[in-house]
Amino acid sequence: MLSLDLIRNQPDLVRQAIARRHAGTPLQAILDLDTQRSRLLVEVEALRAERNRGSKEIARIQPRPPHLIEQMRIVGDRIKALDVTLDTVQRSMDDSLALMPNLPNDSVPDGPDSSANAVVRSWGQPRSYAFKPKPHWEIGPALGILDFERGQKISGSRFYVLAGPGAKLQRALIQWMLDFHIARGYREVYLPFMVRRQVVFGAGQLPKFADNLYHDAEEDFWMVPTAEVPITGLYAGEILPPDALPIHYVAYTACFRREKMSAGKDIRGMKRGHQFDKVELYKIVAPEESDAALVRLVADVEAVAQALDLPYRVVQLCTGDLGFAARESYDVEMWAPGCDEWLEVSSSSDCGDFQGRRANIRYRPAQGAKPVFVHTLNGSGLALPRVMISIMENYQQADGSVDIPKVLQPYTGFDRIAAPAA
RNA sequence: GGAGGGAUGGCUGAGCGGACGAAAGCAACGGUCUUGAAAACCGUAGUCUCGAUUUAUCGGGACCGUGGGUUCGAAUCCCACUCCCUCCGCCA
């Protein structure tokens with residue numbers, strides 16, 4: 001959520017910043033509605049003041065003055081009528097405001113879509129192979145650890161089943177990543193995978209992205225598309241005490257996304273399922289800390305890829321590719337020699353006070369000081385399926401087996417996955 | 001799923017429809033006292049919002065789980081919802 005004050009006082013600045021996102025917004029409607037709203041508010045509050053005075057007067061006079069009571073009844077009716085109008089105006093203003101995306105930082109490069117994203121650095125050398133590296137959708141099934149057909153049989157397209165050492169590899173990765181981040185100062189939280197509507201709104205996924213979410217109509221539960229959603233909800237409506245920040249969380253959750261995109265290269269294999277696992281990093285910080293926090297967050301994400309010894313590059317998202325709530329984002333993309341492409345395994349974003357304002361999370365900088373909205377940041381650390389892909393494809397051997405990265409071996413209990421003897 | 005009870009400020013906890021933004025206690029902050037601290041005493045204290053002087057004040061409005069309603073007037077009465085607690089049933 002953007003600050004209404006900012007929209008009111010610097011509409012041109014807001015207009016220009018939003019234009020950089022190459023997206024339409026209801027800015028003008030908000031400004032018009034706001035003018036209307038203040039007019040109505042002044043009027044209705046004056047009437048309320050009158051009624052409060054009158055009611056106190058009535059209480060004081062004995063016997064009760066019927067004339068004054070009648071007069072206040074009329075005032076009351078006018079208040080009620082104005083309230084109805086005010087409520088309508090307020091509601092459509094809130095609706096419009098809820099559709100305003102965050103403003104990109106000045107440093108974010110301009111661009112209409114992902115084609116304008118900029119690679120800011122790379123790490124590691126893609127391995128060279130004496131054979132043509134296979135894609136994971138061949139490696140996995142050949143090893144008997146990945147079953148697309150049966151996944152589809154039980155749940156439809158875009159689902160798969162991991163089995164044996166494949167399933168254990170993913171579990172080892174989750175466990176290892178959690179431990180890895182805990183050692184770097186994050187606190188683990190285990191969260192509900194289904195949350196209330198209000199929580200999804202607070203993180204910015206509603207109302208705009210309802211189409212991409214799974215939803216239980218009977219209880220109005222929403223399946224989390226990322227741990228970012230329930231974590232943002234954790235402190236909603238609270239004022240945190242001065243010493244509470246920074247808060248660093250790491251959480252493992254399953255993630256559920258409708259992802260209506262059609263079949264093709266982008267969703268082949270395990271690349272983009274309706275359900276996937278993710279270890280997520282999340283920071284709640286004081287406003288002046290968020291820039292530095294983003295740098296460290298991306299470094300924490302990169303450290304995972306480095307520990308796994310998987311080549312990756314860091315990409316800064318341009319204005320047009322930025323998420324709704326983000327003001328600056330960096331993706332980490334791992335090299336997948338079988339797919340022959342860079343796969344996005346993480347996206348780290350600084351949301352500024354956008355989510356803090358939307359979910360009403362504030363903190364008090366010092367005893368007695370006025371509360372301010374917190375800044376929030378999130379980054380995947382990392383998304384499991386694509387890391388699985390990257391491991392299978394990077395660590396594949398000529399004989400079809402897959403080596404396990406060193407750091408994971410204590411967690412898997414084996415150092416390679418070989419095809420079962422025929 | 002059934003039957004009851006509850007939700008008030010940072011916490012505990014009062015609150016006959018008008019005197020209640022809300023007693024009291026605790027915690028907090030400032031001060032007095034003290035060599036310092038504790039104790040004691042005095043004082044200050046919530047959030048949001050509108051307007052006027054213009055950045056410090058002054059005045060108004062709203063907020064007692066949420067949303068409606070009754071009333072000149074609601075923390076207080078009525079309805080719905082949410083959450084919590086107790087008991088029964090069911091269940092990993």
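All values derive from a computational prediction rather than experimental measurement. Labels below follow one simple rule: chain letters A, B, ... track the order of the sequence lines, proteins then strands, and each chain is numbered from 1.
Here the nucleotide nearest the side chain of A:Arg196, chosen from B:C48, B:C72, B:U82, is B:U82. Closest approach to the A:Val42 side chain among B:U47, B:C50, B:C83 is made by B:C50 (side chain taken as heavy atoms from C-beta onward). Side-chain proximity of A:Ile58 to the nucleotides B:G46, B:G51, B:C72 is greatest for B:C72. Comparing B:G46, B:U49, B:G73 by their closest approach to the side chain of A:Arg364 singles out B:G46. For A:Lys80, counting side-chain heavy atoms from C-beta on, the closest listed nucleotide (B:U47, B:C50, B:U70) is B:U70. Ranking B:U49, B:C48, B:C72 by closeness to the A:Lys370 side chain, first place goes to B:C48.
Using a 4.5 Å heavy-atom threshold, the side chains of A:Met270 and A:Leu162 count as touching. Side-chain contact between A:Trp137 and A:Ile389 is absent, with no heavy atoms from C-beta onward closer than 4.5 Å.
Rounded to whole Å, the separation between the P atoms of B:U12 and B:A27 comes to 15 Å. Using atom P as the reference point in both B:U70 and B:C78, the two lie 15 Å apart (nearest Å). Straight-line distance between the C1' atoms of B:G25 and B:G13: roughly 8 Å, to the nearest whole Å.
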Short heteroatom pairs, N/O only, protein and nucleotides 61-68 of chain B, under 3.5 Å:
| unit_1 | atom_1 | unit_2 | atom_2 | d |
| --- | --- | --- | --- | --- |
| B:G61 | OP1 | A:Asn52 | ND2 | 3.0 |
| B:A62 | OP2 | A:Asn52 | ND2 | 3.4 |

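Look at A:Arg39 and you won't find any side-chain N or O under 4.0 angstrom from OP1 or OP2 of B:C50. Checking the phosphate oxygens (OP1, OP2) of B:C72, no side-chain nitrogen or oxygen of A:Lys56 falls inside 4.0 Å.
Protein atom CD1 of A:Ile79 is 13 Å distant from nucleotide atom P of B:G69, rounded to whole Å. Rounded to whole Å, atom P of B:C50 lies 18 Å from atom CG of A:Leu47. In this structure, CD of A:Glu238 is placed 15 Å from C1' of B:G9, rounded to the nearest angstrom. Rounded to a whole Å, the CD atom of A:Glu70 is 9 Å from the P atom of B:C72. Per the geometry, CZ belonging to A:Arg362 stands 6 Å off C1' belonging to B:U47, to the nearest Å. Distance A:Leu41 CG to B:C48 P: 16 Å, rounded to the nearest Å. Taking atom CD on A:Gln198 and atom C1' on B:C83, their separation rounds to 15 Å, with Å as the unit. Distance, A:Leu40 CG to B:G51 P: 13 Å, rounded to whole Å.
Shown are A:Glu393, A:Glu344, A:Glu341; of these, the salt bridge (charged side-chain N to carboxylate O under 4.0 Å, His left out) with A:Lys271 is made only by A:Glu341. Of the candidates A:Asp83, A:Asp77, A:Leu82, A:Asp83 is the only one forming a side chain to side chain contact (heavy atoms under 4.5 Å, CB included) with A:Ile79.
A:His274 has its ring centre less than 6.0 Å from the ring centre of A:Phe159. Ring-centre distance between A:Phe209 and A:Phe324: below the 6.0 Å cut-off.
More than 12 heavy atoms of other shown residues, nucleotides or ligands fall within 6.0 angstrom of atom NZ in A:Lys208.
Of the residues near RNA chain B, A:Pro371 and A:Ile69, the one whose nearest nucleotide (by heavy atom distance) lies more toward the 5' end is A:Pro371.
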